[in-house]
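Both backbone and side-chain heavy atoms feed into the values below; hydrogens, waters and symmetry mates do not.
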Amino acid sequence: LVPVARCGVEPDWFTRLAPLGADGMARIPAEIALLQNAHYLCNDLASDPALAAIHADLQRYGLAAAASFPLRCGGVVVGTVSLFAAETGF
């Protein structure tokens, strides 16, 4: 998983958790979407134990809710698009 676009500051977890991908345990919304081959929606990121590795980062950057969707080409997942919000319940 290689980040190719973003708006704002690059989160620390991009480098700290590298390499990102679907080879092991999911630690971020994009990895969850990749591993499950399904969308990931969370209206309160701080309450999701699957994101424990990035809880401090989420708080530091003011990220409270997220959605990540797998992108498919010919039925094969080739990436994800992830959106974050500053408010819970967004």
Side-chain angles (χ1 to χ4, degrees):
L1 189 64
V2 178
V4 295
R6 72 175 178 283
C7 180
V9 178
E10 179 175 302
D12 294 338
W13 70 74
F14 282 0
T15 53
R16 190 178 74 248
L17 298 179
L20 300 174
D23 296 333
M25 188 174 84
R27 304 158 296 174
I28 64 173
E31 289 176 328
I32 294 170
L34 280 175
L35 283 170
Q36 296 179 354
N37 192 15
H39 65 270
Y40 168 83
L41 300 172
C42 184
N43 286 315
D44 186 2
L45 296 173
S47 70
D48 187 347
L51 304 178
I54 63 168
H55 277 165
D57 297 298
L58 295 168
Q59 184 177 19
R60 180 173 42 254
Y61 293 108
L63 303 174
S68 188
F69 303 92
L71 302 174
R72 296 179 185 90
C73 184
V76 176
V77 177
V78 296
T80 64
V81 61
S82 299
L83 307 168
F84 292 85
E87 307 123 30
T88 58
F90 183 71

Practice item. Using the test side chain to side chain contact (heavy atoms under 4.5 Å, CB included), find all partners of Ala56 that sit at least two apart in sequence or belong to another chain. Key: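 Side chain to side chain contact (heavy atoms under 4.5 Å, CB included) check on Ala56 returns nothing, list empty.
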**Study point:** Leu45 and Phe84, any side-chain heavy atoms less than 4.5 Å apart
**Key:**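 Yes. Closest side-chain heavy atoms under 4.5 Å.
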Exercise for review: May I ask you to test the Ile32-Leu51 pair for a side-chain heavy-atom distance under 4.5 Å?
Suggested key: yes
Review point. Is it true that a side-chain atom of His55 and a backbone atom of Asp48 form a donor plus acceptor pair closer than 3.5 Å?
Key: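 Yes: the side chain of His55 pairs with the backbone of Asp48.
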Check your understanding: Would a hydrophobic clustering, with Ile, Leu, Val, Met, Phe, Trp and Tyr connected at side-chain separations under 4.5 Å, put Val81 with Leu41?
Key ->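 Result: yes, single cluster for both.
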**Study point:** Leu34 side, atom CG; Tyr40 side, atom OH - distance, nearest 0.5 Å
**Key:** 13.5 Å
Scan the side chains in residues 61-76 for donor-acceptor partners under 3.5 Å anywhere in the protein, sequence neighbours excluded, and list what turns up.
| unit_1 | atom_1 | unit_2 | atom_2 | d |
| --- | --- | --- | --- | --- |
| Tyr61 | OH | Asp12 | N | 3.3 |
| Tyr61 | OH | Asp12 | OD1 | 3.0 |
| Tyr61 | OH | Asp12 | OD2 | 3.4 |
| Ser68 | OG | Ser82 | OG | 2.8 |
| Arg72 | NE | Asn37 | OD1 | 3.2 |
| Arg72 | NH2 | Asn37 | O | 2.9 |
| Arg72 | NH2 | Asn37 | OD1 | 3.0 |

